[in-house]
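Before any comments, here is the structure.
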Amino acid sequence: MNDGRKPIAVTDDAVFALTGKGEQQLRGGHTTLDKTALELLVGIDGAVTVAQLRKRFPGIPGYAVDRTLATLIEDGYLGPAAEVNDDLGLVDFFSKDPIKPPGFAPSAAVDREASDGVTSLQQQGYYVRIARPAAGAAKPAEGAKPTVLIIEDEELMAKFLRRFLLLDGIESRIAGNRAEILAELRRQPLPDLLLLDVMLPDADGFDVLHKIRQHPLLKKLPVIMLTAKATREAVLKGLALGADGYVTKPFEAEVVSRAVRNVLGLDAA
Amino acid sequence: MTDDDAEYEEILNGFRREFRSQCAQRIEALDARWAAACQPDCTRETLYEFQRALHSLVGTGRTLGYADVSTTARAAEDLVEPYCDQSGEQGGAQCVLPADVRDEMNRLLEAVRLSLTAICE
């Protein structure tokens with residue numbers, strides 16, 4: 001709530017930024033917000049005005065943007081950019097990665113880009129851990145272990161996920177290319193959830209998600225994007241296509257199993 | 001440290017060892033894809049395969065605790081990504097990288113190799 005302060009106006013030139021609570025929604029692995037609210041949180045970076053934000057989301061009616069922003073402010077997920085900046089330093093939704101490996105000597109051009117805050121370098125530190133309960137998805141049977149289909153072409157990463165999910169009582173199957181994905185989706189019983197990478201050898205994870213959401217029998221299958229595609233545009237694309245979660249690599253194994261449980265509506269183990 | 005933490009660490013260390021043991025192969029594969037990407041008949045698919053090799057290092061490196069691998073690979077991936085866009089009209093068409101981009105990539109790839117060599121077993 002707004003603690004009795006004067007209500008914050010959602011005017012065309014107003015600029016808002018994530019508060020710590022807002023960051024928690026995107027990076028905490030458990031999101032309770034609806035799709036529109038999530039998209040706006042991802043899209044806000046403390047720099048765009050409300051008018052620019054409306055243009056960024058042509059699919060969301062202007063009144064819905066305003067109403068959702070007002071609710072996000074009222075609930076403490078967003079605040080005026082200057083205020084948030086002063087208090088928490090969270091205005092810039094991206095963060096730069098200061099780590100430089102031995103022997104890595106950026107050219108003057110790269111140095112200049114870094115100091116100017118060029119997007120491609122800012123994107124290095126961008127991460128989200130979005131996971132919200134899937135609407136209408138069937139829960140695993142009582143006492144049964146949930147089963148996840150890991151769609152991941154990097155063998156070591158797939159094994160890593162499988163091993164750590166099992167530690168948390170989650171079974172998994174693996175598919176690394178288009179043929180394996182099709183074979184797994186034809187196999188009964190269907191998995192309870194997909195963990196979906198984007199860059200596959202002969203398929204694009206976003207296309208896979210799009211096709212799943214259009215398929216009459218698969219459309220309610222919960223999907224979490226798990227990918228190193230970590231630009232704001234990629235996250236928005238995943239959410240817009242109907243992903244129930246978006247976790248960027250690199251990640252901690254515990255984050256993934258928590259996201260799976262959240263999306264499936266299961267209690268933490 | 002609890003038993004669960006110890007088990008987690010032990011398993012994680014196993015994956016780290018496996019990753020380190022693959023470093024030489026990964027450098028070799030990356031170099032082969034880069035060599036293909038430098039050919040005059042390079043297509044967007046060839047570049048995509050090169051990008052995918054870098055992308056894989058970005059995701060796996062830091063997840064297993066090797067931040068330098070991810071950072072260097074990310075810089076290289078960012079450079080090549082605009083040329084790999086499959087959605088454009090020329091998707092699948094021949095796509096030769098400009099000379100200055102190739103030079104910059106050679107420099108960035110050296111950093112990727114160094115980061116992998118530093119942890120190689």
Side-chain angles (χ1 to χ4, degrees), chain A residues 96-107 109-110 113-114 118-127 152-164 166-168 197-204 206-207 226-231 234 247-256 269, chain B residues 4-5 7-8 10-12 14-22 25-26 45 48-49 51-79 81-82 84 86-87 100 103-104 107-108 110-119:
Chain A
K96 287 180 191 169
D97 188 341
I99 302 164
K100 289 177 183 170
F104 181 72
S107 65
V110 172
E113 283 185 352
V118 165
T119 307
S120 64
L121 288 171
Q122 289 179 318
Q123 285 166 353
Q124 289 187 21
Y126 185 71
Y127 69 94
E152 167 66 63
D153 62 313
E154 164 68 48
E155 196 184 331
L156 187 65
M157 183 62 77
K159 280 176 11 187
F160 174 84
L161 282 165
R162 169 181 257 178
R163 185 70 185 84
F164 280 104
L166 192 58
L167 267 188
D168 200 22
D197 190 13
V198 172
M199 288 197 78
L200 299 163
D202 53 1
D204 177 300
F206 291 126
D207 286 343
L226 181 61
T227 173
K229 282 278 183 192
T231 62
V247 177
T248 50
K249 298 175 186 169
F251 59 85
E252 290 136 20
E254 186 262 340
V255 166
V256 178
Chain B
D4 281 353
D5 290 341
E7 186 181 7
Y8 180 94
E10 192 182 327
I11 296 168
L12 187 58
F15 282 105
R16 285 175 175 151
R17 277 194 297 276
E18 190 169 343
F19 182 74
R20 290 199 302 269
S21 73
Q22 295 172 347
Q25 285 169 265
R26 286 178 187 266
E45 281 79 8
Y48 178 78
E49 284 307 305
Q51 185 198 354
R52 213 163 56 78
L54 289 166
H55 188 76
S56 180
L57 290 173
V58 173
T60 311
R62 191 173 304 203
T63 297
L64 296 178
Y66 303 114
D68 290 355
V69 174
S70 286
T71 306
T72 52
R74 172 80 80 188
E77 189 193 357
D78 282 350
L79 181 65
E81 185 166 25
C84 301
Q86 307 265 347
S87 61
D100 60 332
D103 290 347
E104 179 70 357
R107 204 180 59 74
L108 294 173
E110 186 53 27
V112 178
R113 287 186 205 100
L114 280 171
S115 69
L116 283 166
T117 306
I119 59 167

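Below, chains carry the letters A, B, ... as their sequence lines are ordered, and counting in each starts from 1.
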- Query: Which bit of A:Met199 is near chain B, if near means a heavy-atom gap under 4.5 Å: side chain, backbone, both or neither?
  - Reply: both

- Atom pair CZ/CG of B:Phe19 and A:Leu156 - distance to nearest 0.5 Å: 7.5 Å

- Considering only heavy atoms, which portion of B:Leu64 lies under 4.5 Å from any heavy atom of chain A: side chain, backbone, both, or neither? side chain

- Note on the structure: Nearest heavy-atom approach of B:Val58 to A:Ala228 is CG1-CB, 4.1 Å

- Item | Interface moiety of A:Asp153 toward chain B, non-hydrogen atoms closer than 4.5 Å | side chain

- For B:Glu49 against A:Pro201, the heavy-atom pair lying closest together: OE2-O, 3.7 Å

- Task: Decide side-chain contact (heavy atoms from CB on, under 4.5 Å) for A:Lys229 and B:His55; before the verdict, give the C-alpha distance in whole Å, the side-chain angles of both, and the deciding distance to 0.1 Å.
- Result: CA-CA 8 Å; A:Lys229 282 278 183 192; B:His55 188 76; 3.9 Å; yes

- Task: Could you grab the distance from atom CG of B:Leu12 to atom CZ of A:Arg163, nearest 0.5 Å is fine?
- Result: 11.5 Å

- Closest contact, heavy atoms only, B:Gly59 versus A:Lys249: CA-CB, 3.8 Å

- Honestly, the part of A:Leu200 sitting under 4.5 Å from a heavy atom of chain B is backbone

- Is the A:Phe160 ring parallel, tilted or perpendicular to the B:Phe15 ring (thresholds 30°, 60°)? perpendicular

- Task: Give the member of B:Glu18, B:Glu110, B:Gln22 that has the highest number of heavy-atom pairs under 4.5 Å with chain A.
- Result: B:Glu18

- Query: From A:Asp202 CG over to B:Tyr48 OH, what is the distance, rounded to the nearest 0.5 angstrom?
  - Reply: 8.5 Å

- Structural part of B:Glu77 lying under 4.5 Å from a heavy atom of chain A: side chain

- Backbone N or O of A:Glu154 within a donor-acceptor pair of the B:Ser56 side chain at under 3.5 Å? no

